[in-house]
Amino acid sequence: MKETLRYLIGVAGPSGFGSNSTAEQVTEDTSSLIPSQLTAIITGATSGIGAETARVLAKRGVRVVIPARDLKKGGEVRERILKENPKANIVLLELDLSSFASIRRFCSAFFTLGLPLNILINNAGKYCQKLEFSDDKFEMTFATNYLGHFLLTEILLEKMVETAGKTGIEGRIINVSSIIHSWVRREGFKFSDMLYPNNYNGTQAYTQSKLANVLHVNEVARRLKARNARVTINAVHPGIVKTGIIRDHNRLITDSVFFLASKLLKSTSQGASTTCYVALNPRVNGVSGKYFADCNESSCSGLANDETEARKLWRQSHALIQRQSQPAI
């Protein structure tokens with residue numbers, strides 16, 4: 001009850017920010033502290049909180065790489081950012097997160113540019129009401145929201161470690177998850193079932209992918225710490241924002257519920273605030289393997305904190321990626 005009241009009132013937490021804080025507010029005092037020309041890759045930046053995250057980071061002087069499945073939409077976001085900030089440095093590259101081949105092509109194209117990589121924001125999200133499969137024959141929601149980001153992070157991680165080592169600037173990876181990761185029960189979280197579900201439920205698939213995003217953070221944080229890499233990784237819950245994902249499925253949350261709960265909804269800028277805070281704020285220096293909500297460290301579910309489950313999921317995912325990369329005989 002206390003947490004709900006704090007959320008409604010917008011009471012600031014230890015960071016000095018709360019549920020009502022916007023992306024611009026949580027980064028406005030960081031401009032003088034941000035090293036020149038950081039580079040950030042932001043998936044899902046063609047709409048919603050991803051586009052707002054791109055706009056605000058560009059406003060703070062960060063070079064923003066926008067991976068886009070729809071290059072026209074990506075170009076429109078780029079033009080809007082440049083109209084507001086003509087000096088912004090925006091790079092647009094093609095990427096379909098549901099396709100391993102597309103992810104590898106994107107990374108190859110990015111490496112060809114010869115740019116450093118300081119920030120990776122795994123923000124893109126997809127919800128499928130009906131069962132769909134990716135080009136790699138995996139359930140589409142899990143393939144896009146989790147597996148795609150897992151592979152993207154794996155390929156880009158060494159570039160981030162290298163950049164941090166050369167520049168002395170901490171690299172930061174942010175996985176955008178959701179509080180609904182806590183809806184998943186342990187007995188329902190099975191890797192093979194998420195890849196090839198027998199009885200598909202769109203909401204269940206979405207919540208499982210969001211739990212996987214948090215577990216991914218926990219295991220990668222452990223691995224980075226073990227090698228003393230100057231790169232952190234954290235998960236964020238953006239809050240409830242009426243983005244394209246929510247509009248695309250009326251079974252999870254209906255418009256009538258949104259109308260009745262309008263006071264609980266965040267604006268797009270408020271929804272992007274926690275991501276921007278964790279990406280740029282110096283208060284987060286050295287913090288890794290944590291879960292943030294309303295720009296403050298928060299608690300996640302017991303299952304999301306399970307180190308054994310996180311390690312198991314990473315190994316299964318890595319083995320899958322390795323198998324997919326082997327040439328057919």
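Being a predicted model, the structure only gives us computed values, none of them experimental.
- Salt bridge E154/R223: absent, no basic N to carboxylate O contact under 4.0 Å.
- Here the side chain of H237 pairs no donor or acceptor atom with the backbone of A293 at under 3.5 angstrom.
- The minimum heavy-atom distance linking Q129 with Y200 is given by the pair O-CE2, 3.4 Å.
- Side-chain N/O atoms of N145 and S209 include a donor and acceptor closer than 3.5 Å.
- Relative orientation of the F17 and Y277 rings is perpendicular, given thresholds of 30° and 60° on the angle between their planes.
- Side-chain heavy atoms closer than 4.5 Å link hydrophobic residues (I, L, V, M, F, W, Y) into clusters, and following such links, possibly through other members, connects F111 to L97.
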* To do: Would you sort out whether M194 and F189 count as a side chain to side chain contact (heavy atoms under 4.5 Å, CB included), showing the intermediate values?
  => CA-CA 8 Å; M194 290 184 283; F189 193 73; 3.6 Å; yes
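- Hydrophobic clustering (ILVMFWY, side-chain heavy atoms < 4.5 Å, transitive): F191 and V217 are in one cluster.
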* Would E76 and K73 satisfy salt bridge (charged side-chain N to carboxylate O under 4.0 Å, His left out), going step by step from the backbone distance to the final call? -> CA-CA 5 Å; E76 290 170 352; K73 287 181 66 177; over 6 Å; no
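- Looking at every heavy atom in both residues, A88 comes nearest to A58 through CB-CB, 4.2 Å.
- Atom-to-atom distance recorded for C128:SG and F142:CZ is 13.5 Å, nearest 0.5 angstrom.
- Side-chain heavy atoms closer than 4.5 Å link hydrophobic residues (I, L, V, M, F, W, Y) into clusters, and following such links, possibly through other members, connects Y196 to L313.
- Considering all non-hydrogen atoms of both residues, S134 and S98 come closest at CB-O, 3.3 Å.
- The main-chain N or O of A304 is found under 3.5 Å from a side-chain atom of N218 such that the two form a donor-acceptor pair.
- If you check the side chains of S317 and Y146, you find a donor sitting under 3.5 Å from an acceptor.
- Counting heavy atoms of neighbouring residues, nucleotides and ligands inside a 6.0 Å radius, atom CD of E84 exceeds 12 of them.
- With respect to E24 and K59, a salt bridge is recorded, a charged nitrogen being found less than 4.0 Å from a carboxylate O.
- Looking at every heavy atom in both residues, E52 comes nearest to T268 through CB-CG2, 3.8 Å.
- Remark: side-chain polar atoms of R230 are not paired, donor with acceptor, to backbone N or O of A164 under 3.5 angstrom.
- Q37 and T39 share no donor-acceptor pair across their side chains, judged by distance under 3.5 Å alone.
- Annotation: the span from S273 atom OG to Q270 atom CD amounts to 7.0 Å, rounded to 0.5 Å.
- A side-chain donor-acceptor contact under 3.5 Å links T153 and N122.
- Heavy atoms of other residues, nucleotides or ligands lying less than 6.0 angstrom from CG of N199 number 12 at most.
- No more than 12 heavy-atom neighbours from other residues, nucleotides or ligands sit within 6.0 angstrom of CZ on R185.
- Rounding to the nearest 0.5 Å places CH2 of W183 at 15.5 Å from CG of L303.
- In summary, of the residues considered (I41, I174, I173), a side-chain contact (heavy atoms from CB on, under 4.5 Å) with I119 occurs for I174 alone.
- Annotation: R69, atom CZ; neighbour count of heavy atoms from other residues, nucleotides and ligands within 6.0 Å does not exceed 12.
- For T27 and R60, the side-chain atoms include at least one donor-acceptor pair closer than 3.5 Å.
- Note: T203 OG1 to Q208 CD = 11.0 Å, rounded to the nearest 0.5 Å.
- When side chains are defined from C-beta on, V278 does not count as touching R172, because their heavy atoms never get closer than 4.5 Å.
- To the nearest 0.5 Å, atoms CG (N234) and NZ (K290) are separated by 8.5 Å.
- Here S177 contributes atom OG and L211 contributes atom CG; the two are 7.5 Å apart, rounded to the nearest 0.5 Å.
- Put simply, the side chain of I321 does not reach to within 4.5 Å of the side chain of H318, judged on heavy atoms.
- Side-chain atoms of H216 and N175 form a donor-acceptor pair, as typed in the model, at a separation below 3.5 Å.
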* Check the pair H149, T43 against side-chain hydrogen bond (donor to acceptor under 3.5 Å, both in side chains), reporting the backbone distance first and the verdict last. => CA-CA 9 Å; H149 283 129; T43 69; 2.9 Å; yes
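- Between D294 and K266, at least one side-chain nitrogen of the basic residue sits less than 4.0 Å from a carboxylate oxygen of the acidic one, meeting the salt-bridge criterion.
- Using a cut-off of 4.0 Å between Lys/Arg side-chain N and Asp/Glu carboxylate O, E309 and R186 are scored as salt-bridged.
- When the side chains of ILVMFWY residues are joined at heavy-atom separations under 4.5 Å, either directly or via intervening members, V56 and V236 end up in two distinct hydrophobic clusters.
- A side-chain donor from one of S15 and N296 sits under 3.5 Å from a side-chain acceptor of the other.
- Annotation for L195: atom CG counts as buried by contact number, over 12 foreign heavy atoms lying within 6.0 Å.
- Residues M140 and F138 do not share a hydrophobic cluster, defined by chaining ILVMFWY side chains whose heavy atoms lie under 4.5 Å apart.
- Nearest heavy atom pair, residue A54 against residue V64, reads O-CG2, 3.8 Å.
- Between F110 and F106, the ring planes lie parallel to each other; the angle is under 30°, not in the 30° to 60° tilted range.
- C295 and V26 get closest at one heavy-atom pair: SG-CG1, 3.8 Å.
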